[in-house]
Amino acid sequence: MGISVIIVLVLAVAVGLSLGLLGGGGSILTVPLLTYVAGMPAKEAIAASLFVVGTTSLISAITHARKGNVRWRTGLVFGAAGMAGAFVGGLAGGYIPDTVLMIAFALMMVATATAMIRGKKKATGEGSGHGDLPLKRIILDGLVVGLVTGLVGAGGGFLVVPALALLGGLPMAIAVGTSLVVIAMKSFAGLAGYLTTVALNWPLVLGVTAAAIVGSVLGAMLTSRVPEAALRKGFGIFVLVMGVFVLTQELPPPAGLVVGIVAAALAGLAVICRLTTDRCPLVPQPQAR
């Protein structure tokens, strides 16, 4: 077993940990992992990530369901709508240039991270954490998220969790658990679309999946022990960093270098600003209750 394969398997545990703890982020790790470490072409890495994330999410969802952290009606309807969108996105993705797919992937990560870091608005009556979201909203959000995430090969947790937590007002723990059901359904639909145009290295994919499942079980066990606000913002920061990294890798020079320098400068300024003032304009302030 080569050193690169060992590194891939070790990092795959982090993929599962992200899914189990955050209800998303699996593809955000898996696609760059398989592309930049395992050396897979982008389309093959995207298709493989759908299998890894789908299987891992299914296992982790069972653990969350036992804790009562799954809204089944919301998850199943959202997932069914997402499967239709994901299959179409997976079909289309097989015909789009690799670089375009990866740049689109990174831009979605940055946009979603911004929403998560800013925090959710105060929940209204129809989006309370004690019930399910309205049927029309579930179907519409599911179709849109499914299409986009199927196209770039993401299970969609980094879009599903914000949709449930920010728009629906579900508590973070329940948004995480419900998102795993959605991710599993959409991932397998997107995979079906991609398998019409790509072939996978199944021994490697199954090994990565097994390692990710181990991490997902550990992550699901830790969910209730991490404060909701910290969980949401930590997830957002993680997604933002990975999005900037992918952009620096995929944009042609010198654009990639410029993005990296600007992102590092803004991060440094935010840290300095936060340390020197209580109300830094570069750092999101807590939402008023």
Side-chain angles (χ1 to χ4, degrees), residues 8 12 15-16 18-19 23-35 38 40-62 70 72 74-102 104-105 108-109 138-161 163 178-213 216:
V8 168
V15 170
S18 170
L19 279 166
S27 293
I28 294 171
L29 281 170
T30 308
V31 173
L33 172 63
L34 296 177
T35 301
M40 285 186 181
K43 290 185 178 68
E44 184 179 341
I46 287 172
S49 78
L50 287 167
F51 179 85
V52 173
V53 173
T55 304
T56 306
S57 297
L58 183 61
I59 300 298
S60 188
I62 295 173
V70 175
W72 286 106
T74 297
L76 292 175
V77 175
F78 198 125
M83 287 177 74
F87 181 74
V88 174
L91 283 174
Y95 299 96
I96 296 176
D98 291 0
T99 300
V100 174
L101 286 173
M102 294 300 288
F105 181 78
M108 280 200 308
M109 291 163 66
I138 297 172
I139 294 175
L140 179 60
D141 287 353
L143 284 170
V144 173
V145 172
L147 177 64
V148 175
T149 58
L151 181 66
V152 300
F158 66 96
L159 291 177
V160 177
V161 172
T178 304
S179 76
L180 291 167
V181 176
V182 177
I183 291 168
M185 297 173 69
K186 291 195 302 81
S187 293
F188 290 125
L191 174 64
Y194 264 97
L195 288 180
T196 62
T197 55
V198 302
L200 297 181
N201 178 356
W202 283 108
L204 177 59
V205 172
L206 292 175
V208 171
T209 302
I213 288 173
S216 74

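These numbers were taken from a predicted model, which means no experiment stands behind them.
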Gap between atom CZ of Phe87 and atom CG of Leu191 - 0.5 Å precision: 10.5 Å
Distance col, row Leu200:CG vs Leu195:CG, nearest 0.5 angstrom, shows 5.5 Å
Roughly how far, to the nearest 0.5 Å, is CG of Leu204 from CG of Leu34? 6.5 Å
Nearest 0.5 angstrom please: Leu76 CG to Thr178 OG1, how far? 9.5 Å
Minimal heavy-atom distance between Ala84 and Leu143, with the atoms involved, is CB-CD2, 4.2 Å
In terms of heavy-atom contacts, Val53 and Ser187 come closest through CG1-OG, 4.1 Å
Residues that Phe51 engages under ring-ring contact (aromatic ring centres under 6.0 Å, His included), provided they are two or more places apart: Trp202
Nearest heavy-atom approach of Val52 to Val205 is CG2-O, 4.0 Å
Output yes when a side-chain donor or acceptor of Ser60 lies under 3.5 Å from a complementary backbone atom of Ser57, and no otherwise. no
Quick check for you: to the nearest 0.5 Å, what is the distance between Tyr194 atom OH and Ile46 atom CD1? 4.0 Å
Interatomic distance, Asn201 atom CG to Leu206 atom CG [nearest 0.5 angstrom]: 9.0 Å
Nearest heavy atoms of Met185 and Met83, plus distance in Å: O-CG, 3.2 Å
Of all heavy-atom pairs between Ala61 and Val70, which one has the smallest distance, and what is that distance? O-CG2, 4.2 Å
Salt bridge (charged side-chain N to carboxylate O under 4.0 Å, His left out) pairs, two or more places apart, involving residues 43-54: Lys43-Asp98
Which atom of Leu58 lies closest to which atom of Ala184, heavy atoms considered: N-CB, 4.0 Å
